[in-house]
Amino acid sequence: MSTPQKPKKVTPFVDYIPAELRENKTWEIVYYALDPHTNTLKIKRNRVRPLKSVSERRKLGKRMVLEVNKRLGRGWNPFINEDEFRGYTRFSQVCKIFLDRTEKEVRNNDKRPDTLRSYASFLKNFQFFLSEIGESDMFALKFEHSLLRDFIDHIYYDRENSARTRNNYLHFFNTFSEWMIRRQYISKNPTLRIEPLPVSRKTRIVIPDEVLKHIFEYLKKVSPQYHILCLMCYYCLIRRTEMTKIRVRDIILKNSVIYITSETAKNKKNLPVTIPDILLPELANHLKKANNQDFVFGTNFLPGPASIHPKKISDQWDKLRSKLNLPQEYQWYSLKDTGITNLLKAGVPLISVRDQARHHSSNQTDAYTPKEILAANTDIREAKI
């Protein structure tokens with residue numbers, strides 16, 4: 001066992017004494033650092049948490065010693081960065097805690113399942129990056145600006161993802177960093193000096209009428225249940241994940257209304273959407289044998305007690321697109337974009353289309369307005385000036 005050192009004065013050019021592991025009744029990492037308030041070296045102790053295996057606890061203690069000494073060598077001062085007292089938790093454990101809590105929020109309907117899947121994907125890719133650079137076992141306090149910037153650059157330059165994807169990663173890690181700060185794993189947000197890249201405006205790919213007709217005719221023959229789902233997207237402008245949560249009881253056929261509850265809706269609001277007359281008999285036939293509590297789309301897209309996974313909707317569309325040899329640009333959401341555009345072309349007022357799409361503002365809906373229906377102002381056009 002080592003003998004405790006008790007320095008009183010600062011030796012010129014020395015502002016710390018390296019850390020060492022002391023295996024006493026309470027295992028501790030002990031080191032001295034300069035207290036800027038008194039200009040003297042002051043002792044610091046970090047407890048090594050108990051583990052079932054003594055050898056594993058000793059390995060953890062030695063890693064903590066190594067990390068403390070690295071940080072001291074880089075000029076880190078524990079008396080200035082007191083917020084990081086939980087920073088010696090392994091980063092992988094912090095990720096698990098974060099995802100476990102997000103999962104509970106999903107169960108409580110505070111967050112959407114898609115949010116959890118996105119969070120898990122972002123962290124999985126980051127942890128894979130850490131393993132590639134030999135940092136898979138790092139402590140939370142090493143989650144710093146330079147490391148995160150290297151990863152964000154890796155996403156954009158090495159993996160050749162789009163600026164939008166890069167910005168999505170950056171947005172997530174800002175959320176994750178703020179959560180880590182609130183729980184005192186780190187003291188600074190490493191995303192603050194990483195700027196988002198400009199993103200080009202999203203191109204709306206509208207499916208031409210003759211292609212849309214061909215798609216619906218084909219689906220009606222080979223997959224009538226999926227055909228109904230696609231019609232609901234096109235006519236009722238319902239999002240993919242929302243589609244998987246709608247129950248039979250939410251559809252009021254006599255009123256031509258689908259009631260999107262706050263638990264179902266992306267915007268967490270209770271709002272109705274209109275069922276157009278052309279869709280009503282098709283939807284009634286789809287639901288004729290369903291129970292009131294069933295999901296509208298369950299196994300094989302039939303009504304049932306278990307909801308279908310949102311990804312299956314997109315996967316089925318990919319198979320359709322391949323079968324019909326359609327362009328890659330025709331995504332499943334192109335149905336919704338096409339529905340909005342065609343309603344506007346048919347002369348339906350902008351505010352009505354906005355409400356059907358449940359957009360937060362008319363500006364969002366207006367982005368779908370096709371150029372060919374834009375009209376000149378008659379008074380200005382005919383003015384004699």
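Starting from 1, each residue takes its place in the sequence as its number. Values reported hereafter were calculated over all heavy atoms of this structure, with side chains retained and with hydrogens, waters and symmetry mates removed.
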Carboxylate-amine/guanidinium proximity below 4.0 Å for R45 and E28: yes

Check this for me: R49, atom CZ, are more than 12 non-hydrogen atoms of other residues, nucleotides or ligands nearer than 6.0 Å? no

Flag yes if more than 12 heavy atoms outside R193 fall under 6.0 Å of its CZ atom; otherwise flag no. no

Under-4.0 Å salt bridge between E242 and R358: yes

Are D294 and R247 within salt-bridge range, i.e. N to O under 4.0 Å? no

K62 and E67 ion-paired at < 4.0 Å: no

Tell me whether E23 is salt-bridged to R58, with the criterion being a basic N under 4.0 Å from an acidic carboxylate O. yes

Electrostatic pair R107:E105 at N-O distance under 4.0 angstrom: no

Counting heavy atoms not belonging to I278, are there more than 12 under 6.0 Å from its CD1? no

Do NZ/NE/NH1/NH2 and the carboxylate oxygens of E282 and K220 come within less than 4.0 Å? yes

Taking side chain as C-beta onward, heavy atoms only, is Q316 less than 4.5 Å from L320? no

Does atom CD of E160 have more than 12 heavy-atom neighbours from other groups under 6.0 Å away? no

